[in-house]
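Scroll down for the structure; my scribbles are underneath it.
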Amino acid sequence: MFTLTEVASLNDIQPTYRILKPWWDVFMDYLGFVMLMLAIFAGTMQITKDQVACLPILEEANKTSNTNAYMSSSPVEATTSPFGTVPVATRDLPDSMVHKISLHAEPQPKGRKTNLDYQQYIFVNQICYHVALPWYSKYFPYLVLIHTIVLMVSSNFWFKYPKTSSKIEHFVSILGRCFESPWTTKALSETAYEDSEGNKQRFIADQSGPKHLSSDSQDERADSTQPILGNNSVKFSAEKIIPEGPSMTILDKKDGEQAKALFEKVRTFRAHVEDSDFIYKLYVAQTIIKALKLIVILGYTSTFAADISFSHICEPKIEHLTGYDRFFCTHNMAFMLKKLLFTFMAIIGLYCLVCLYALFWLFRGPLKEYSFEKVREESSFSDIPDVKNDFAFLLHMVDQYDQLHSKRFGIFLSEVSENKLREISLNHEWTLEKLRQHVTSNAQDKQELHLFMLSGLPNAVFDLAELEVLKLELIPEVRISAKVSQMTNLQELHLYNCPAKVEQRAFIFLRDHLRCLHVKFTDVSEIPPWVYLLRSLRELYLIGSLNSEHNKMIGLESLKDLRHLKVLYLKSNLSKTPTNLTDLSPHLIKLVVHNDGTKLLVLNSLKKMTSLRELELHHCDLERIPDAIFNLTNLQDLDMKSNNFRTIEEVIRFQHLKRLTCLKLWHNKIVSIPSNINLMKNLESLYLSYNKLETLPAALFHMPKLRYLDLGNNSIALIPDDVEFLHNLQHFDITGNKVEVLPEQLFRCTKLKVLCMGNNSITILSESIGQLTELVQLDVKGNCLAQLPNNLSQCRQLHKSLFIVEDHLFDTLPLEVKESMTVVPTFTV
């Protein structure tokens, strides 16, 4: 037999799993425990008291003859016994005589004589116990024990099966940590505090009249986070400001890190479990199997219940040993076993009803879907997602234990909750003192703060009143609160892959104070909709993908509200310039389109932008100068870098652009310069570097106002003598060409300040270079020079730091020349 301890260990499930055992499973466990006790009790009694008592059945004929002989005997006869002849009283003798005889004789046994001794009776009882007694009477306690063990194993099989046990163990572990996490307590306490504050506000609203109802409706409209890009109405996502109550708990760094780890574990577990419904199917299968087994047990037990009887006829076929072949036997445990059997059947019936209820619950509702709707209504976390499959089933099972577990667990499915945790941790880490250490002065001598890859925007940022430039990069959740109004010096904001949401009062401040905004995005929907209503904005930089199907979604229809916008920078992949750019034509003075190599086909919208002064078309795959450009009469600076120009015959039409002073055609494939380029009388700067020029027309050097000429990285071999006519030339660059000799006429351009002729094939540098008395920068490195002219000493503005030459050549100069170049020149401010 099993001991009680050994049997009980079969149902020893870890206490942590109790949250996944609904009331019917717990009730079944108790019923199983009762059946276990019943089996042990019946087995113990059977071992100690179970036996049968048998007597032979005499033939009826012998019985009749013996009776007749007894009735015909004499009144006083002597019977033979082992003790001798004893007189037997008859009814003919008086009572006194019978009494007298009995006093002197041994008492005689009554009943039928069977001629069996004690050992034979023991033998017969043992034989008949196995022959005449039904098997169910003998093995009933063991069957009850086996059934109980099987039912217990069936009830807990899903906790032990390899494909489910790991998931269940992980789920219970995470659920326990979520339940006990300090962050859970804080989140729920904040919800309760918000509810109380909300009730107060509603009470005040009810008391103050209907005018507050309109403000509430406006706040509701302000809570929308959907970007609007094609209309003039804008909705703001106003994050609720939760005042810190006196009873608020404050998470320390360790608790915050543990809560962050829990969010990640819940996210990973959900992704792992939600893709299948194996746990649900296994639980349903084991419940169905258990119900079928109960029906079978109840069926065959009721059949064999009638076989348990107190009396039995035994025919063991041992007449050659005892002289009898039939015996009448009694089973002393029959009554108790029958009572225990009916008790067992009642328990099995109740077990079966509970099991059928479990099946009804399993198939009644969609257990593979779980909605946190009630949790969302009772808390401030309205974004808790619904879950499916095994994840949903486990939560339904937990609800049968206590719905508070699901409510606490749902907090760790909410992105709002996670963002609040990040905000608390972030504010704890990024204090005002730490932020001040990261404030620097940029190239424009402005106070700048650059925050990179944080979980959010620290609240202490809004206390930096002296800040002028704020750069936010790769911050997933940026919320600009009303405290931004404290940053009175803030004029420039950078949002690099940072979806930003602002409160209503924060937007009003930004609308009136922000001057420059940089937005970098991967999808057009990431552009904050409030950008298009910043009426004080001067410069707007949009960097991201804006393909043709999204052109109308850019929201440029709303750019007309940017009445003070002067600079618009679009770095994207446009196939045509947005038609609504004309809304900006009255006030836009600079337009930059950086197209990343995508061919820009349509530029007609540029015609009406007559106020434009600067135009940059980079990487637009243009093969010719667009006609629309020649209508920009106020254009002063045209930059067409990195296109696909081979010829620039249209350059003659630039003579109509009277104000054009700077033309940049660098990084193209231009092979020649038209001879009528000198018609551009007002041109002051010309960039033709990184092309395929081999010759230069003389007309190029008959542009009286030209001050900056960049011809670097071409294939030019000869500089025409006409270069002397560039009287105002200050910057001349022929780096990376094939020039062998510099014309003497070049040194007559006495206003030259920068002369770059490195990486050519120049062998001699003329002494005439001393005429360039205003020379500040000289590059001769990478040529075939043997020595440097001593007249370099006359270039008094030339300093060694801007004299780019090989060291061995510099050492050939006289000592006094080298010393004069090492003296730092003084400049008058």
Side-chain angles (χ1 to χ4, degrees), residues 1-13 28-57 116-156 290 293-294 296-318 321-322 324 326-352:
M1 289 294 293
F2 298 103
T3 64
L4 182 59
T5 305
E6 292 172 338
V7 176
S9 64
L10 295 173
N11 196 34
D12 186 19
I13 303 300
M28 288 179 187
D29 287 344
Y30 281 114
L31 291 178
F33 182 76
V34 173
M35 288 191 292
L36 188 65
M37 294 297 100
L38 187 147
I40 294 174
F41 175 71
T44 304
M45 291 191 65
Q46 194 175 44
I47 291 174
T48 57
K49 296 183 179 181
D50 194 28
Q51 59 184 354
V52 294
C54 299
L55 291 177
I57 300 177
L116 295 176
D117 58 16
Y118 179 70
Q119 298 296 334
Q120 288 175 316
Y121 275 113
I122 293 176
F123 175 73
V124 170
N125 290 343
Q126 292 179 348
I127 290 294
C128 287
Y129 182 83
H130 295 284
V131 174
L133 203 64
W135 69 272
Y136 197 77
S137 300
K138 293 181 288 186
Y139 302 112
F140 164 68
Y142 306 102
L143 290 174
V144 173
L145 180 61
I146 292 173
H147 294 329
T148 303
I149 293 173
V150 171
L151 290 174
M152 287 181 174
V153 171
S154 300
S155 296
N156 301 311
K290 192 161 50 173
K293 181 174 176 57
L294 290 169
V296 172
I297 293 173
L298 196 61
Y300 88 82
T301 302
S302 59
T303 303
F304 290 109
D307 293 343
I308 299 179
S309 177
F310 178 74
S311 59
H312 300 276
I313 301 298
C314 178
E315 298 178 355
K317 297 181 182 180
I318 53 173
L321 297 176
T322 61
Y324 301 96
R326 300 181 74 232
F327 296 87
F328 182 83
C329 303
T330 59
H331 184 206
N332 64 337
M333 282 290 295
F335 178 79
M336 182 58 68
L337 287 179
K338 207 154 194 176
K339 297 299 181 184
L340 293 176
L341 176 61
F342 288 137
T343 303
F344 174 68
M345 292 175 63
I347 295 173
I348 287 294
L350 183 58
Y351 203 121
C352 188

Would you give the length of the straight line joining atom CE of M35 to atom CD1 of I40, rounded to the nearest 0.5 angstrom? 12.5 Å

Just so I know, are the side chains of K290 and M28 near enough to count as touching, which here means a heavy-atom distance under 4.5 Å? yes

I would like to know whether T148 and F33 meet side-chain contact (heavy atoms from CB on, under 4.5 Å); could you show each step before the answer? CA-CA 8 Å; T148 303; F33 182 76; over 6 Å; no

Rounded to the nearest 0.5 Å, how far does CZ of F335 lie from CG of L340? 10.0 Å

Within the 4.5 Å heavy-atom criterion, are L133 and H331 side-chain neighbours or not? yes

Could you tell me whether the side chain of H312 reaches within less than 4.5 Å of the side chain of P134, counting heavy atoms only? yes

If you look at every heavy atom in P141 and G43, which pair is closest and at what distance? CB-N, 3.4 Å

Determine the minimum heavy-atom distance between S137 and I308, stating which atoms define it. OG-CG1, 3.5 Å

Between L294 and C352, which heavy-atom pair has the shortest distance, and what is it? CD1-CA, 3.6 Å

With side-chain contact (heavy atoms from CB on, under 4.5 Å) as the test, would you mind laying out the steps for N332 and V52 before giving the verdict? CA-CA 6 Å; N332 64 337; V52 294; over 6 Å; no

Rounded at 0.5 Å granularity, tell me how far NE2 in H147 sits from OH in Y351. 12.5 Å

Does F304 form a side-chain contact (heavy atoms from CB on, under 4.5 Å) with L341? I'd like the steps, not just the answer. CA-CA 10 Å; F304 290 109; L341 176 61; over 6 Å; no

Rounded to the nearest 0.5 Å, how far does CG of L143 lie from OG1 of T301? 8.0 Å

Would you check if the side chain of Q126 reaches a backbone N or O of F123 as a donor-acceptor pair within less than 3.5 Å? no

F140 side chain near Q46 side chain, heavy-atom distance below 4.5 Å: no

Between Y136 and D307, is a side-chain contact (heavy atoms from CB on, under 4.5 Å) present by the stated rule, with each step listed? CA-CA 8 Å; Y136 197 77; D307 293 343; 5.6 Å; no

For the Cys pair C54 and C329, is the SG-SG distance shorter than 2.5 Å? yes

Run through V150, I348, V144 and flag the one making a side chain to side chain contact (heavy atoms under 4.5 Å, CB included) with I297. I348

Contact summary for I127 and P316, nearest pair of heavy atoms: CG2-CB, 3.3 Å

Do the rings of Y324 and F327 sit parallel, tilted or perpendicular, given the 30° and 60° boundaries? perpendicular

Just how far is it from atom CG of D50 to atom OG1 of T44, taken to the nearest 0.5 Å? 12.5 Å

To the nearest 0.5 angstrom, please state how far the OG1 atom of T322 sits from the CG atom of L116. 6.0 Å

Does CE belonging to M345 count more than 12 external heavy atoms closer than 6.0 Å? yes

